[in-house]
Amino acid sequence: AQTVTQSQPEMSVQEAETVTLSCTYDTSESDYYLFWYKQPPSRQMILVIRQEAYKQQNATENRFSVNFQKAAKSFSLKISDSQLGDAAMYFCAYRSAYDNDMRFGAGTRLTVKP
Amino acid sequence: NAGVTQTPKFQVLKTGQSMTLQCAQDMNHNSMYWYRQDPGMGLRLIYYSASEGTTDKGEVPNGYNVSRLNKREFSLRLESAAPSQTSVYFCASSHGQPGTGGVSEKLFFGSGTQLSVL
């Protein structure tokens, strides 16, 4: 079964600075999708960014970008110009193109310091 | 836009009691899911339904049953609650179905149910 590993239980960043959250995954499949979800204290799961494995170009959404290294099975999230509202739990997730199970990492709690 | 609606938001049960968590989506999605979230473990799939009338086990199905009542609704039942089932439960939905390939499918989540079993 696929596994997703987030090795940083907690991270902190100064407001306006840049932070990178790490994620690695294990799979034997070639067609899959990767996601970063944000969970603020409200508990709502919010999609931040997603990446199709067949695309070489790294996905970008405003201040959020990923560094997708398929051979290394690495999918890190970079948050630029961090804002107080970015403080949340961040979950990395993997989904095969051929089954229904989205696998989540254990999460990284991000603190943003003013 | 309602999206995915879960009820109740909070529940306290005694060991051995039963209850049903309700979930409904208004996005005409085919697939629906139940996850549980525990500290340090992320979200784990309990059951899913790829389409109306079908359900399948996920990673942690023991102690749970589900019903896909219609396309909109997907309920999760605990027949005899145990303290190990204390968790936050999330319902989610997505448009696509597995095996279609080439389709990037994100999940839409409800706001969660905090369940405590004493």
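The chains referred to below are lettered A, B, ... by the order of the sequence lines, with proteins before strands, and numbering in each begins at 1. Reckoned from all heavy atoms, side chains included, excluding hydrogens, waters and symmetry mates.
Contacts of residues 107-118 of chain B with chain A at a heavy-atom distance below 4.5 Å involve B/Leu107, B/Phe109, B/Gly110, B/Ser111, B/Gly112, B/Thr113, B/Gln114, listed in sequence order.
Separating the CD1 atom in A/Ile49 from the NZ atom in B/Lys106 is a distance of 12.5 Å, to the nearest 0.5 Å.
Only the side chain of A/Tyr37 comes within contact range of chain B, with heavy atoms under 4.5 Å apart.
Placement of A/Met89 and A/Val19 in two distinct hydrophobic clusters is found when ILVMFWY residues are connected by side-chain heavy-atom separations under 4.5 Å, directly or transitively. In terms of hydrophobic clustering, with Ile, Leu, Val, Met, Phe, Trp and Tyr side chains grouped at heavy-atom distances under 4.5 Å, A/Val66 and A/Tyr94 are assigned to a common cluster. When hydrophobic clusters are built by joining Ile, Leu, Val, Met, Phe, Trp and Tyr residues whose side-chain heavy atoms come closer than 4.5 Å, directly or via intermediates, B/Phe74 is grouped together with B/Tyr64. If you chain together hydrophobic residues whose side chains sit under 4.5 Å apart, B/Met19 and B/Val88 never meet in one group. Each of A/Trp36 and A/Met45 belongs to its own hydrophobic cluster when Ile, Leu, Val, Met, Phe, Trp and Tyr are linked at side-chain heavy-atom distances under 4.5 angstrom.
Heavy-atom neighbours of A/Asn62 CG from other residues, nucleotides or ligands within 6.0 Å: at or below the threshold of 12. In A/Lys73, the NZ atom is crowded: over 12 heavy atoms of neighbouring residues, nucleotides or ligands sit closer than 6.0 Å. Atom CZ of A/Arg109 is surrounded by 12 or fewer heavy atoms from other residues, nucleotides or ligands within 6.0 Å.
Between B/Gly40 and A/Ala106, the shortest heavy-atom contact is O-CB, 3.3 Å.
Looking only at heavy-atom pairs under 4.5 Å with chain B, the residue among A/Arg43, A/Gln44, A/Gln39 that has the most is A/Arg43.
Of the listed residues (B/Tyr48, B/Tyr33, B/Tyr35), just one forms a side-chain contact (heavy atoms from CB on, under 4.5 Å) with A/Met102, and that residue is B/Tyr35.
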